[in-house]
Structure formats: structure tokens, C-alpha cells
Amino acid sequence: MSFFLAALKRELLLVFRHRSDIINPLAFFLMVAVLFPLGVSPDPSFLSEVASGVIWVAALLACLLSVDGIFRSDYQDGSLEQMLISAEPLWMLVTAKVITHWLVSGFFLALISPLVAMMFFLPEPAYPALIISLLLGTPTLSLMGAIGSALTVGLRKGGVLISLLVLPLYIPVLIFGAGTVQAGAMGLPIQGYLALLAAILVFSLMLAPIAIVAALKISIRS
Amino acid sequence: MMKISMPRWFYQLASPRWFYNFTSKLLPWFGIATLVFLCVGLVWGLVFAPADYQQGNSFRIIYIHVPSSILAQSCYMLMAVAGAIGLIWKMKMAHIIAQACAPIGASIAVMSLATGAIWGKPTWGAWWVWDARLTAMLVLLFLYIGVIALHAAFENKAGADKASAILSLVGLVNIPIIKYSVEWWNTLHQSATFTVTEKPAMPPEMWIPLLIMVLGFYCFFAVILMGRARVELLEREKRSDWVKQLILVNWTQ
Amino acid sequence: MLLAVKNLFCERDERILFQGFSMQVNAGEVVQIIGQNGSGKTTLLRILCGLSDAYEGEIFWQNELLDEVRSHYYQSMLYVGHLSGVKGSLTAEENLQWMTQLDSSLDKCSIKKALKLVGLYGFEDVPCHSLSAGQQRRVGLARLYLSSAPLWILDEPFTALDKKGVSEKEALIAEHVSRGGSVILTTHHDLSIPKQTIRPINLDEMART
């Protein structure tokens, strides 16, 4: 456990030293969302109808954008090698990395999502649904994304490839996440939807670290 | 790593040379079976089976659409299982089979989508409808594309094999979740449409040719899979003595 | 005998690097791997430290298969590769603190002393990206002063170091060996440590035979 805390501390310290990077996914999130009224229609009734989907798609893309970097810098400077030949459990380290990624992507996205929701005229009862669904759904995105990141970390062309690998896996989270917000907007109970999102999260929290560790070993050792 | 002892044939299968010789004997039989099943199934299904009372003759595309949909899914399963075997028992042959599965599965998924679209035009009046099954098949195609792209991106075969095995396993675990979520999404957004493939009581003269077609598709898949695996195997083993010998013998004949 | 390699086979890009290669490393000796560029020195070291699976053959650590004693092996081995593993945005001290977390054979208490010994006294609070290449290299090599691992695997440890740095590292290697430790290293530099402790292995000759 003390190793997990030390790893978490190191990751948070690294993020803190690159504070400006935190803004990037958030700005991307806002920009993607803004494209829809510009590209389709600023009509409030249209926007409030598509708000749940657009916000979720934008959040998903913002997570995807930053996921490539989870292992990239550690791979480039040789830290990842040292982590692989450490006797300490790699899954703890990987989990610390994913948690940190989520803190600077999904967590902040959830916090600023009401801003976009307001611009999209999302009905007010849907706000809690939006925030809670993002808080429950985005950690799964980080976990799945980390699998893609670990598989492609040794490759020169990571970027587009990661999207191909990871986007299909994001579909259930998108469906249930956007569904939660829609249910919230219609004043329906959302507990069932949140339970589904939580179930997917617990499931991926159990299995994804195993896949990430295996993928990292493959990326480095072969 | 896990160590589970397996029967002898399992390890024999792992030897490329044994696999090559074994499939040499197997291939003609599967080829004949494919020909027989597909001919019988097609003629029966397209000519002799009764027309659907609602859709008329357009329902006959079911004899291509349903077998290809089933096969696309089993092919993914086989790819993931072969990948897992390759990872656990460090078996190169399993990786070769997994690699051979990916493009076949992707093509069959495309066929399933295409026939679905062609069927959709007379039935729903549109080439594409966001039907749960079609959408799930589209996602399956995406999963195939991911595996193929990842395999192609690696420069060394060993890394490519293992990485795509991991990815196909992750995909396999996710498929039930994806299917469930897509079905759920479908019921949320559409009032229950007329689902063609879920006809409760299909008369035997309709489903027997369908069954024959499914068998024919599986045999066809086996033929293509063995063919691709053999080519890949020769490529990978080209410097081993038995492959040199084989080529030399064929050359002099 | 600490480490033994039996019948190693390794090919890369359709070119055979090793075939039937065997070697062993005993306590108290320096094994110097020499060979031309591209002869597989780095590949060999990566195989030995468990960072590459692209080989056939067997590796033993203290007479047990490496695969079965991996975590014990990792605790008893220190690897310094081409990449220093030093994070640019962390300070020298933070970097070393993290390394002691990863590797329990490193002494947590003498980080300051080690930094002083590699000549980074006064730089411990500077983020490493503002250090020179040689200084960054020294941060990575400071691990040698903290290590109690019996086996060191060093890939070109002297690159980017000045003369003084090189002779200090040589002294350190000599001391490690005299205490019964072993070192496997690659370098093009003539080591100025007692000749009887050095055993050269020439990969070019291996390829020819």
C-alpha cells in the first residue's frame, strides 16, 4: 500500500509540475461542444434535445485525446523500463497512473460540464444526472484508454491507432452515460442507469489493470 | 505463467510442420463439404424453399445474411481464444491462426452488414436502419479493424501477435456488454420494430436449408482459415529445413 | 555462480545475433561485453535483465530459472540502460527518492550523500531538465552509490561523463567487485580496474564461430 501511495504521489507531483497540461482536455471538451451549434443549429429546442449525447461524445473524445500520454513519457525517458524490472507490483503503479489520468481528465470534465450543459439549454433536473454519470463513467474511459495506451506505447504512430482500438470499447459507457442524462432530463429515476455505469466501472477496475500490465510487458519486452 | 497439462494432440497442433501436413489432408475434405453444403443450401433456399408470406422472395437473403452474422461472431471468438492459447502456452501456431482469423472475420462482418442493408431496403424502405443487431455487427467490425490495425502497426511479429491477442481478449470480454448496451439503446430509441430474424415458427422447409447454409459457411471458413494459416506459416518458417525441403520437392516435380 | 546463460538464440530482423551462446557470471568479476555496433550488446543486456522476451534458451539466476525467481532477481539486480529513467520535471532528489521506492535494494537514507558523491551537490533542488546531459546521466548513476544489489548490469555507463566522472565510476565498480559483487557492462573504454577481475566476452568472435 505504501508503494501505491508513493506511486500516486509521484504521478500527482508530475501533473502538478505540468499544470498547464490540465487545461488541454478541458479546452478541447469545450471546443468540440461548441462545434455542434455552429455546425448544425443554435436552436434551443434542438440543442436541448442533443445535449446529453453531444456532451458525452465531447467528454469521451477529450479523454481519448489525453489517454495516449499515460505511458508515453515514461517510455521515452526509460522510467517504464525501470518499473518493469522492479520487484514492486506493477498493477499498483498502473492503477495510480490511471487514477491520476482520471483526476486531470474525467474529474475536471465532470466539474465543468454544467457550463456546457447551460450553453446547450439542458433542462435543469438533468444537471445532477450529467455530473454523476460523468463521474461514474469517465474512470472506465481512463481504464479502457490505458489498455490502448499500453498496447501502443512502443509504436511510433500511437495517436490514430489508439482511437481505433479504444473507441469501440467506449460505446457502452457512451450509451449508458448519455441515457442517464436523457432520463434525468425527462424527470425519470436515474438510479438504475447509474448502477449500470457503476457495474461497468467495477468490472473494468478489476480486469483492466491485468490487461494493462500484460500489454506493457508486451510493449517493452518484444 | 499458468501451467496446465493438455492432451498430446494439443501440443502436436502446436508444431507448424504437423499442422501443415495435417491440414494438407484435411483441406480437400472441407473443400468438398463446402461445395456440397453451399450448393444444396443455396439451390434449396433460393429456389425450392417457400416464399415468406409477408416479405415474398426478398426474405431469401436470409440464407446469406444469417450464416454470415453467426460466422462473424464465432470467428471473433475463435480469434480471441486462439490468442489466449498463444499467450498462455506460448504457442506460435495459435497466434498464426488468430492472425488468419482477423481479416476473414472482418470480411464476413462486412458481408453481414451488406446483406443486412440489401435486405433492409425492401423491408424497411431504407438501406440502413439503426437496428440493434446491425449496430452490434458494425461495432464488431470496428473491433476487427482495431485488431488488424494493431497487428499491422508492430514491426516485430512476436509483439504484434501478443498485443493483438490482448486486444481481442479485451474485445471478447466487452462484446456481451456492447451487445446488451446496444440492445438497450435500441429499445430506448425505437418503438419495437418488426424484427425479421426472430420469426417464431419457421417451417422446416425454410430452416433446414438455412442450417445447411450455416454448415456450409463454417466449412468455407475452415478452408479459408487453413489456407491463410498455411501461407502465414510458410512465410514465418521459411528458413526451417522442412519448408526448404517442401519447396525443393515441389520445385523439382 | 550468480547468473548463467545456456544456449541462447536470438534473431532480430531476420538476422541471427546469437546462436548457442552461453556465458556465466561469478561473484567478484566484471564481465565486459565487447563487439562492434550492431553486434547485439544492448540486446544481450536487455535479455539478461529481463527486459526482452525475444530469445530462446535458458537463463539461470543462482541456479534457478529466471522466470521462476523474477521478483527475487529484480531485487538483486540493478540495471542502468541507455535511457537514464530520470524524469525531467522532477528534481534530482525526487528522482532518486522514486527510484528507491521502485527498488528496495537502494538505500533511502543516503540520497543526499550519493548526490554529493556524483558532484550534484547544490543541484538537488533543480528540475532535471535544466541539468546538462552529463549531469542527468549522473543522477541515474547515483543509484550505484545507493545499491546493495549483488549484480549490476550497465549499458555504456560512461557516455556523457567527464574524465573525473569516469574514474570515479571505475573506482566504484572496483569496490563493488572487491566486496564480492558482479558487474556486466558494455563500454568501448579501457577499464582501469584490476585486470584479473575483468573477463571480456567478444560478441564478434561469437558470431564468427
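Residue numbers start from 1 in every chain, and the chains themselves are labelled A, B, ... in the order their sequence lines are given, proteins ahead of strands. Fair warning: this is a prediction, and the values are worked out from it, not measured in the lab.
Only the backbone of Y75(A) comes within contact range of chain C, with heavy atoms under 4.5 Å apart. Looking at R221(A), the atoms closer than 4.5 Å to chain C (heavy atoms on both sides) sit in the backbone and in the side chain alike. For chain C, the nearby part of L93(A) is the side chain; its heavy atoms alone come within less than 4.5 Å. Using a 4.5 Å cut-off between heavy atoms, R143(C) touches chain A through its side chain atoms alone. No part of Q97(C) comes within reach of chain A, as not one of its non-hydrogen atoms sits under 4.5 angstrom from that chain. Contacts of M77(C) with chain A are made by side-chain atoms alone, with heavy-atom separations under 4.5 Å and no backbone atom involved.
For a heavy-atom cut-off of 4.5 Å, chain A lies close to no residue in residues 165-180 of chain C.
Rounding to the nearest 0.5 angstrom, the gap separating the CD1 atom in I220(A) from the CG atom in D53(C) is 11.5 Å. A distance of 6.0 Å separates CZ of R199(C) from CG of N26(C), quoted to the nearest 0.5 Å.
Under the 4.0 Å criterion applied to side-chain N and carboxylate O atoms, K97(A) and D74(A) are assigned as salt-bridge partners.
Among all heavy-atom pairs drawn from V98(A) and A146(A), the shortest one is CG2-CB, 3.8 Å.
Of the N and O atoms on the side chains of W56(A) and S133(A), at least one donor lies less than 3.5 Å from an acceptor on the other residue. Looking only at atom types and distance, the side chain of D155(C) has a donor-acceptor partner in the side chain of T42(C) under 3.5 Å away. Side-chain N/O atoms of K87(C) and S73(A) include a donor and acceptor closer than 3.5 Å. For T91(C) and D125(C), the side-chain atoms include no donor-acceptor pair closer than 3.5 Å.
Ranked by non-hydrogen atom pairs under 4.5 Å with chain A, the options D103(C), N95(C), L83(C), L102(C) are led by L102(C).
Partners of H188(C) according to the ring-ring contact (aromatic ring centres under 6.0 Å, His included) rule, which considers only residues two or more places apart in sequence or in another chain, do not exist here.
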